[in-house]
Amino acid sequence: MLKRRDFLKSAGLAGGALLLPGLSGQALAAKPRAHVVVVGGGYGGATAAKYLRMWSGGAVDVTLVERDPQFISCPISNLVLGGVKTLADITLGYEGLRDTWGVKVVKDEVTAIDPAARTLRLADGGTLSWDRLVLSPGVDFQFDQVPGLDSEAARARILHAWKAGAQTVALRAQLEAMPDGGVYALTIPLAPYRCPPGPYERACVVADYFRRAKPKSKVLVLDANAEIISKKALFTQAFARYKGILEYRPNSALREVDAASRTALLDFENVQADVLNVVPPQRAGAIATQAGLKLLNGRWVDIDWLTFESVNTPGVHVLGDAIFPAPTMPKSGHMANQHAKVAAAAILRLLAGEAPNPAPVVMNTCYSFVDASHVIHVSSVHQYDAAQRTVLPVAGAGGVSTEASEQEGRYALAWARNIWADMLA
């Protein structure tokens with residue numbers, strides 16, 4: 001099993017070189033000064049912006065376009081729902097990227113991309129030109145797939161809280177206002193979906209809150225999937241700890257929502273809840289579709305895994321939750337951080353007229369809280385396979401917890417601090 005210290009070091013969370021290993025600084029200096037625009041300041045985009053500057057030794061100009069003034073982490077956000085953390089605990093600024101690494105940070109939203117002209121338009125009317133474009137747009141929700149959530153009023157009443165921020169705080173308020181003896185129902189769409197925030201972790205954290213503050217209340221998990229799809233054995237054990245509080249129902253696909261009565265309409269039953277938390281199906285952020293990038297299953301961007309470049313749009317690289325995942329690859333924050341480093345390395349080599357690494361390796365770890373302090377994890381390693389032209393899991397690498405522990409809880413919080421520093425400091 002891969003040791004935690006070695007995992008963090010190999011995953012790039014223990015720091016980084018000031019110049020990309022194997023890249024000739026003279027090769028970059030000999031080229032016209034390049035400009036890379038990064039759209040989206042999450043786990044993928046912020047990491048890419050920093051590492052493009054760091055690994056180029058400042059020889060490449062980088063502009064980060066992000067519509068929100070601060071970064072709010074989806075990992076750890078379930079603890080806000082459980083009353084263990086506040087939103088301030090998972091909120092960080094972009095000052096480090098700007099002041100330490102020289103990234104130009106633009107608070108705005110991209111409304112249109114012209115790949116042929118290599119320009120993009122901003123909501124304020126301005127334009128940016130680029131030599132390479134990195135899109136890390138996250139996910140958008142397919143509300144059209146959930147009848148009953150077609151209005152702003154319905155979506156304000158039935159929350160997803162799947163993008164950490166205002167909805168996280170609002171869902172916490174709904175849970176606090178719920179009477180003891182009430183029902184919290186969480187609906188989970190068919191995979192793949194952004195994770196974290198993980199649905200099974202969320203169910204456990206809310207159940208833990210109920211056990212402490214509302215012991216007559218109930219958590220009902222309505223999962224469209226046939227079984228628990230992440231850390232199955234460990235979450236099965238965790239759910240058993242909440243006997244009488246938490247009930248898990250697989251094969252419970254949501255067909256419609258009655259927002260007024262907070263009712264989930266399923267195939268064979270209707271479930272009314274005091275707090276109904278609907279996680280809708282997801283797809284790549286809308287800007288990816290607007291740019292004409294090729295999508296698989298009409299939802300996720302198809303990329304070249306050596307460079308993270310769109311297969312049909314040269315010069316545009318896509319990271320994180322927006323891409324079609326490789327086999328067993330999760331849509332996690334840690335994985336987006338890894339995508340960003342592979343893409344940044346490839347972009348710098350391409351700008352220098354060099355070939356990208358022919359066999360990149362990415363690693364992932366996902367920690368899940370099962371109560372306020374006990375945590376489980378799974379880790380994995382994935383390497384590019386030239387014959388199949390995708391990234392495949394490395395047999396025997398990584399590992400999974402034997403049981404939930406407080407020690408892993410400390411590791412999880414340290415992981416969060418380390419990766420936030422890796423991205424933003």
Side-chain angles (χ1 to χ4, degrees), residues 77-78 80-83 139-195 197-211 213-229 235 239 242-283 299:
S77 65
N78 282 331
V80 177
L81 299 180
V139 299
D140 277 341
F141 298 106
Q142 295 181 292
F143 291 113
D144 59 330
Q145 302 295 312
V146 187
L149 288 185
D150 52 351
S151 71
E152 290 291 340
R155 295 196 288 271
R157 185 174 176 82
I158 308 299
L159 305 174
H160 54 76
W162 219 242
K163 291 184 178 181
Q167 284 215 3
T168 310
V169 176
L171 182 56
R172 170 61 184 173
Q174 287 187 356
L175 292 169
E176 288 181 300
M178 192 185 87
D180 190 10
V183 173
Y184 162 72
L186 168 65
T187 73
I188 305 173
L190 288 171
Y193 48 76
R194 161 182 281 176
C195 182
Y200 309 120
E201 177 192 65
R202 177 170 292 186
C204 288
V205 168
V206 173
D208 179 54
Y209 165 63
F210 286 170
R211 185 167 58 184
K214 301 176 187 284
K216 298 177 183 178
S217 298
K218 184 174 182 178
V219 173
L220 185 57
V221 183
L222 306 173
D223 193 349
N225 298 280
E227 61 182 4
I228 296 170
I229 62 171
F235 272 119
F239 287 179
Y242 296 109
K243 185 177 181 181
I245 298 177
L246 189 155
E247 180 182 348
Y248 175 73
R249 298 183 188 176
N251 296 309
S252 296
L254 180 67
R255 301 304 179 197
E256 188 176 347
V257 169
D258 183 332
S261 63
R262 292 193 177 96
T263 300
L265 285 68
L266 312 178
D267 281 330
F268 303 109
E269 64 174 328
N270 298 335
V271 175
Q272 187 174 17
D274 297 271
V275 176
L276 180 57
N277 179 194
V278 172
V279 181
Q282 297 148 41
R283 59 175 296 160
R299 297 171 66 189

Separation between [atom1] of [X] and [atom2] of [Y], rounded to the nearest 0.5 Å:
X    : Y    : atom1 : atom2 : value
S252 : F268 : OG    : CZ    : 10.0 Å
Q272 : L276 : CD    : CG    : 10.0 Å
L171 : L81  : CG    : CG    : 5.0 Å
L265 : E256 : CG    : CD    : 5.0 Å
Q142 : Q282 : CD    : CD    : 8.5 Å
I245 : F210 : CD1   : CZ    : 9.0 Å

**Request:** Start with the C-alpha gap between L222 and L186, add the side-chain angles, then the distance that decides, and say whether side chain to side chain contact (heavy atoms under 4.5 Å, CB included) holds.
**Result:** CA-CA 6 Å; L222 306 173; L186 168 65; over 6 Å; no
**Message:** The test is salt bridge (charged side-chain N to carboxylate O under 4.0 Å, His left out); show your working for D223 and R249 and say whether it passes.
**Reply:** CA-CA 6 Å; D223 193 349; R249 298 183 188 176; over 6 Å; no
Which atom pair, heavy atoms only, marks the closest approach of [X] to [Y]?
X    : Y    : answer
S77  : A164 : CB-CB, 3.9 Å
I229 : Y193 : CD1-OH, 3.5 Å
V221 : A203 : CG2-CB, 3.6 Å
L159 : A156 : CD2-O, 3.5 Å
T187 : A264 : CG2-CB, 4.5 Å
A253 : L266 : O-CD2, 3.5 Å

Are the side chains of [Y] and [X] in contact, using a 4.5 Å heavy-atom criterion?
X    : Y    : result
F239 : C204 : yes
D267 : R255 : yes
P281 : Q145 : yes
V271 : L220 : yes
V278 : F143 : no

Donor-acceptor check, side chain of [X] to backbone of [Y], threshold 3.5 angstrom: yes or no?
X    : Y    : value
D180 : K216 : yes
N225 : A191 : yes
T168 : A166 : no
K214 : M178 : yes

**Request:** Scan side-chain atoms only and decide if D274 and Y184 contain a donor-acceptor pair under the 3.5 Å cut-off.
**Result:**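 Note: D274 and Y184 side chains miss the donor-acceptor criterion.
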**Prompt:** With sequence neighbours left out, which residue pairs that include part of residues 144-183 fulfil the ring-ring contact (aromatic ring centres under 6.0 Å, His included) condition?
**Reply:** F141-H160
**Carboxylate-amine/guanidinium proximity below 4.0 Å for R157 and D258** =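 Salt bridge: no.
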**Prompt:** Please walk me through it: do R262 and I158 pass side chain to side chain contact (heavy atoms under 4.5 Å, CB included)?
**Reply:** CA-CA 7 Å; R262 292 193 177 96; I158 308 299; 3.9 Å; yes
**Asked** K163 and D140: side chain to side chain contact (heavy atoms under 4.5 Å, CB included), yes or no, with the steps?
**Response** CA-CA 10 Å; K163 291 184 178 181; D140 277 341; 3.5 Å; yes
**Request:** Output every pair passing salt bridge (Lys or Arg N to Asp or Glu O under 4.0 Å) with a member in residues 165-179, not counting sequence neighbours, ordered by first then second residue.
**Result:** R172-E176
**Request:** Please lay out, stage by stage, how N277 and R202 fare under the test side chain to side chain contact (heavy atoms under 4.5 Å, CB included).
**Result:** CA-CA 11 Å; N277 179 194; R202 177 170 292 186; 3.1 Å; yes
